Amino acid sequence: MNYTQYYESQITEKLDREERKIWQEFYTKRLPKRTEKFKKKYAGKPEELPKAIEEFELVTAGEYAEVVDAKLTNICEEMRERFYFDAVNRLDRLSEGVPDKADHPQPLASEIITDLKAKLQTAEKDRDTFYNQKAVLIMQQDIINFALHITDLELLKQVYGTAKAVYKRQEQEEINDGDM
């Protein structure tokens, strides 16, 4: 079993679920309450209220995206820490019954160096995976924020079509990769 992939998929699934819950809670509870408060405090012209509400909601959602990012980052860090301890516990269980090093001759320096290089490569791969995942999440958040600020219907339709086509192509590639 490739534990790195397993743990990464667990983290990704958890982050996706949590992000959906956070945004759903925001759009069903927080935003309506804030919008009502905004309406009560609005001092502009009544005919400009719908436009003002739309702008208020866009700005509020954009600001809340930072909160969402912070929450998801915390969840990701907590899960990585938990998985680290899980991996250490697995190693401890696997090493039960293995004689102590005191009972055996010490490894050569070249063996130690080789072992450390392997550990370094694993750590670099894990780091790269984390930063790649973080970059993906940041880009997804930026795309959402950009889309929230688009008000032209035709442009929104174009962005929607492009995003949908890219998503379908990605799905097809994943299916094709799974068949091979």
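This is a predicted model, so every value here is computed, not measured. Positions are given from 1 along the sequence.
- Applying the 6.0 Å contact sphere to CD of Glu171 captures more than 12 heavy atoms from other residues, nucleotides or ligands.
- Residues Asp115 and Lys119 are paired through a salt bridge, judged by an N-O separation under 4.0 Å between the basic side chain and the carboxylate.
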- Please report the C-alpha distance between Glu48 and Tyr42 in whole Å, then the side-chain angles of each, then the deciding distance to 0.1 Å, and finally whether the side-chain contact (heavy atoms from CB on, under 4.5 Å) criterion is met. CA-CA 10 Å; Glu48 294 176 358; Tyr42 181 73; 3.4 Å; yes

Report the C-alpha distance between Glu111 and Thr114 in whole Å, list the side-chain angles of each, state the deciding distance to 0.1 Å, and finish with yes or no for side-chain contact (heavy atoms from CB on, under 4.5 Å).
-> CA-CA 5 Å; Glu111 293 173 346; Thr114 303; 5.7 Å; no

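- Between the side chains of Gln172 and Asn176, at least one donor N or O sits under 3.5 Å from an acceptor N or O.
- Shortest non-hydrogen contact noted between Pro50 and Pro46 is CD-O, 3.9 Å.
- We find the OG1-NZ distance between Thr129 and Lys125 to be 9.0 Å, quoted to the nearest 0.5 Å.
- For the atom pair CD (Glu19) and NZ (Lys71), the distance works out to 12.0 Å, reported to the nearest 0.5 Å.
- For the atom pair CH2 (Trp23) and OG1 (Thr28), the distance works out to 12.5 Å, reported to the nearest 0.5 Å.
- Hydrophobic clustering, with ILVMFWY side chains joined whenever heavy atoms are under 4.5 angstrom apart, keeps Val136 apart from Leu72.
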Contacts under 3.5 angstrom, residues 144-162 side chains, donor-acceptor by atom type, not counting sequence neighbours:
from: Asn145; atom 1: ND2; to: Gln141; atom 2: O; distance (Å): 3.4
from: Asp152; atom 1: OD1; to: Glu154; atom 2: N; distance (Å): 3.1
from: Asp152; atom 1: OD1; to: Leu155; atom 2: N; distance (Å): 2.8
from: Thr162; atom 1: OG1; to: Gln158; atom 2: O; distance (Å): 3.0

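- A distance of 11.5 Å separates CD1 of Ile11 from CD of Glu78, quoted to the nearest 0.5 Å.
- In summary, of the residues considered (Lys39, Lys33, Arg34), a salt bridge (charged side-chain N to carboxylate O under 4.0 Å, His left out) with Glu36 occurs for Lys39 alone.
- Other residues sharing the hydrophobic cluster of Ile143, ordered by chain and number and joined by side-chain separations under 4.5 Å: none, the residue standing alone.
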Residues Met79, Glu8; criterion side-chain contact (heavy atoms from CB on, under 4.5 Å); working and verdict:
CA-CA 10 Å; Met79 290 186 75; Glu8 288 304 318; over 6 Å; no

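- The pair Lys14-Glu18 meets the salt-bridge criterion, since a charged nitrogen lies less than 4.0 angstrom from a carboxylate oxygen.
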How far apart are the C-alpha atoms of Ile22 and Tyr64, what are their side-chain angles, what is the distance that settles it, and do they pass the side-chain contact (heavy atoms from CB on, under 4.5 Å) test?
-> CA-CA 10 Å; Ile22 291 169; Tyr64 196 71; 3.8 Å; yes

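- Proximity of Val68 to Phe26: side-chain heavy atoms (C-beta onward) are nowhere separated by under 4.5 Å.
- Going from atom CG of Leu15 over to atom NZ of Lys134 covers 12.5 Å, rounded to the nearest 0.5 Å.
- Annotation: side chain of Glu174 is in contact with side chain of Gln170 (closest heavy-atom distance under 4.5 Å).
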Just distance, no hydrogens or angles: give the donor-acceptor pairs under 3.5 Å from side chains in residues 53-61, sequence neighbours left out.
from: Glu57; atom 1: OE2; to: Thr35; atom 2: OG1; distance (Å): 3.2
from: Thr60; atom 1: OG1; to: Phe56; atom 2: O; distance (Å): 2.7

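- For the pair Cys76 and Phe130, the minimum side-chain heavy-atom distance is below 4.5 Å.
- Note: Leu137 CG to Asp142 CG = 11.0 Å, rounded to the nearest 0.5 Å.
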